[in-house]
**Student:** 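My structure is below; once you've seen it, I'll send some questions.
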Amino acid sequence: MLQRPRGTRDFLPEEMERRRCIEATMRKVGRGWGYREVCTPVFEDLELFTLRSGEGIIQEMYTFEDKGGRKQALRPEVTAPVLRLFVNEGRTIPKPIRWYYFCDCFRYERPQKGRYREFWQFGVELIGADSPHAEAETIMVADAALRACGVSFEMKVGHLAPMKHLLSGLELVFQRIVMGYLDKKDFDGLAAYLASIHREDLYDSLMGLIACRNVEDLFSLIDNLPERKRLEKVFALLDQAEVPHTCNFGIARGLDYYTGMVFEGFADNLGAENQIVGGGTYRLAHLFGGEDVGSCGFAIGFDRVMVSLGEMPVPRLVSAGVASTEESRNYAMRVARGFRASGIPTTVDLMERGLGAQLAHLAKEADFALIIGRREQEKGVVTLKNLHTGEQKELPVPAAIDEVKRFGDR
Ligand code: HAM
């Protein structure tokens, strides 16, 4: 038997209904904050991601050469594509630009619960607003989206400036390696690496930085940070808006394009793969040939949100199915059309089964049966059977539609 590729998933209707419901909630929050949806291709020129996304992502990319010999990649994330879109099409759009996306991404990772090779992200990019208000807004939108979905989580907010300040004596390539260890929280690896480049001295300062739990702690450690005012302002805005968060200056992020504020959210009830959102301030547009605009954004790991929420019930459309005799099929089809036109999902028999077998089948998948034989056809009515209670009554078609709708509104 052929199987789906490792790290991918199939979704049955119940799961898809749950996913669509949560997706709709996230979209609604994004839209509510003034963000509008964009969509970019599933594959892009490989270069888009190798320019600045970072070694981790590059190692995990699905790449291929197309028939024209061009190197392509399935998108591992959506920020670079959205900024490419901005450079291509968005130059004349008044700033700040608020865009959101809901897309599948591909990373060749070792699959486990909450970590897949194809996964979905809901993200926003706020392009061209280089201010603490913009940074605070992206955190607020992420917080609002997760909260609206009912996820229980902790939001950690930091800034790259203090870490870069401590690492300023290191060449950029070494800085990135150190930040890679910090991102993975691999402190033994970090110590070994610092020893290998004869900078053991940095270990304690970095650990001191990670231990800071508020801006006062931070500025007692590093007092001459040019970004101080801006950093304080972001935290003050979050406090004013009562967005729950903790300070964490150990956040390094796994992608290389971040330049300032960074944040990560962690679900309370997930295991190893508990990071459900990541984002921050970055600069990318100038690398793609556009103006150097400051931007910020985040992406929520939609699949991890779904794992965190579990098998929750979602509102379901009330449904009907026709059980009819063969001679009344035309009339039955007309009745079914009327029900569908009123927004009630309605099926008809396709197996030429007898009335009893049709009803037995409907009992397993519909809320109501519309029983139709010669008598119903001649009177222009339908016998409506509630498949939950067994109750049945003869009604004119509009009255039957109303009855089914009332059941759905309960
Ligand atoms: P990221 O942290 O690489 O950031 O991914 C965002 C979220 O996607 C993660 O927090 C996680 O929940 C989810 N995620 C990542 N990899 C997987 C996977 N293999 N399986 C399931 N979920 C996964 C970005 O992608 C940035 N583009 C975010 C951003 C937007 N920064 C600025 N704007």
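Ligands are counted one by one from 1 in listed order, and the atoms in each one are counted from 1 as well.
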**Student:** If the cut-off is 4.0 Å to any non-hydrogen atom of Arg115, which atoms of ligand 1 fall inside it?
**Tutor:** 19 (N), 20 (N)

**Student:** Closer than 4.0 Å to some heavy atom of Gly278 - which atoms of ligand 1 meet that?
**Tutor:** 10 (O), 28 (C), 29 (C)

**Student:** Any idea which atoms of ligand 1 are less than 4.0 Å away from a heavy-atom of Gly279?
**Tutor:** 31 (N)

**Student:** To the nearest 0.5 Å, what is the distance between CE on Met26 and CZ on Phe102?
**Tutor:** 6.5 Å

**Student:** Could you check whether any side-chain heavy atom of Asp303 comes within less than 4.5 Å of a side-chain heavy atom of Arg19, counting everything from C-beta outward?
**Tutor:** yes

**Student:** Is any side-chain heavy atom of Cys105 closer than 4.5 Å to a side-chain heavy atom of Val78?
**Tutor:** yes

**Student:** Taking the side chain as every heavy atom from C-beta outward, state whether Trp33 and Leu126 have any atom pair closer than 4.5 Å.
**Tutor:** no

**Student:** Taking N or O atoms only and a 3.5 Å limit, does Tyr101 qualify as a polar contact for ligand 1?
**Tutor:** no

**Student:** Identify, by atom number and element, the atoms of ligand 1 in contact range of Phe298, meaning under 4.0 Å from any of its heavy atoms.
**Tutor:** 29 (C), 30 (C), 32 (C), 33 (N)

**Student:** Do me a favour and list the nearest non-hydrogen protein atom to atom 26 (C) of ligand 1 with residue, atom name and distance?
**Tutor:** Tyr257 OH, 3.3 Å

**Student:** Would you say Leu255 contacts ligand 1, with heavy atoms under 4.0 Å as the rule?
**Tutor:** yes

**Student:** With rounding to the nearest 0.5 angstrom, report the CD1 to CG distance, Ile276 to Asp268.
**Tutor:** 8.0 Å

**Student:** What residue and heavy atom of the protein are closest to atom 1 (P) of ligand 1, and at what distance?
**Tutor:** Arg253 NH2, 3.6 Å

**Student:** Would you check whether Gly123 reaches within less than 4.0 Å of ligand 1, judged by its heavy atoms?
**Tutor:** no

**Student:** Should the pair Trp120 and Phe11 be assigned to parallel (<30°), tilted (30 to 60°) or perpendicular (>60°) ring geometry?
**Tutor:** perpendicular

**Student:** What protein heavy atom sits nearest atom 3 (O) of ligand 1, and how far away is it?
**Tutor:** Arg107 NH2, 3.0 Å

**Student:** Once rounded to the nearest 0.5 Å, what's the spacing between atom CG of Leu387 and atom CD of Glu365?
**Tutor:** 10.0 Å

**Student:** Give the residue and atom name of whichever protein heavy atom lies nearest to atom 7 (C) of ligand 1, and the separation in Å to one decimal.
**Tutor:** Ala299 O, 3.7 Å

**Student:** How close does the nearest protein non-hydrogen atom get to atom 31 (N) of ligand 1, and which residue and atom is it?
**Tutor:** Tyr258 OH, 2.6 Å

**Student:** List ligand 1 atoms under 4.0 Å from Val277, heavy atoms only on the residue side.
**Tutor:** 10 (O)

**Student:** What are the atoms of ligand 1, with element, lying closer than 4.0 Å to any heavy atom of Tyr282?
**Tutor:** 32 (C), 33 (N)

**Student:** Within the structure provided, determine whether Leu231 and Phe249 are in side-chain contact (heavy-atom separation under 4.5 Å).
**Tutor:** yes

**Student:** Does Arg4 CZ have over 12 foreign heavy atoms under 6.0 Å away?
**Tutor:** yes

**Student:** Below a 4.0 angstrom heavy-atom separation, can you tell me which part of Asp303, side chain or backbone, both or neither, approaches ligand 1?
**Tutor:** neither

**Student:** For ligand 1, is any non-hydrogen atom under 4.0 Å from Glu273's backbone (N, CA, C, O), its side chain (CB onward), both, or neither?
**Tutor:** neither

**Student:** Starting from atom 13 (C) of ligand 1, locate the nearest protein heavy atom and write down its residue, its atom name and how far away it is, to 0.1 Å.
**Tutor:** Gly301 CA, 3.5 Å

**Student:** Counting only heavy atoms from other residues, nucleotides and ligands, does the tally under 6.0 Å from OH of Tyr108 exceed 12?
**Tutor:** no

**Student:** Report, in ascending order of atom number, the atoms of ligand 1 lying under 4.0 Å from any heavy atom of Gly114.
**Tutor:** 20 (N), 21 (C), 22 (N)

**Student:** Please give me the minimum heavy-atom distance between Pro41 and Arg75, naming the atom from each residue.
**Tutor:** O-NH1, 3.2 Å

**Student:** Which residue holds the protein heavy atom closest to atom 19 (N) of ligand 1, what is that atom called, and what is the gap in Å?
**Tutor:** Glu109 OE2, 2.5 Å

**Student:** Is there a donor-acceptor pair closer than 3.5 Å between any side-chain N or O of Asn269 and the backbone N or O of Ser308?
**Tutor:** yes

**Student:** Please write down residue, atom name and distance for the protein heavy atom closest to atom 12 (O) of ligand 1.
**Tutor:** Gln275 O, 2.6 Å

**Student:** Identify, by atom number and element, the atoms of ligand 1 in contact range of Glu125, meaning under 4.0 Å from any of its heavy atoms.
**Tutor:** 30 (C), 32 (C), 33 (N)

**Student:** Would Tyr257 and Tyr282 satisfy ring pair (Phe, Tyr, Trp, His ring centres under 6.0 Å), going step by step from the backbone distance to the final call?
**Tutor:** CA-CA 5 Å; Tyr257 46 62; Tyr282 59 88; 5.5 Å; yes

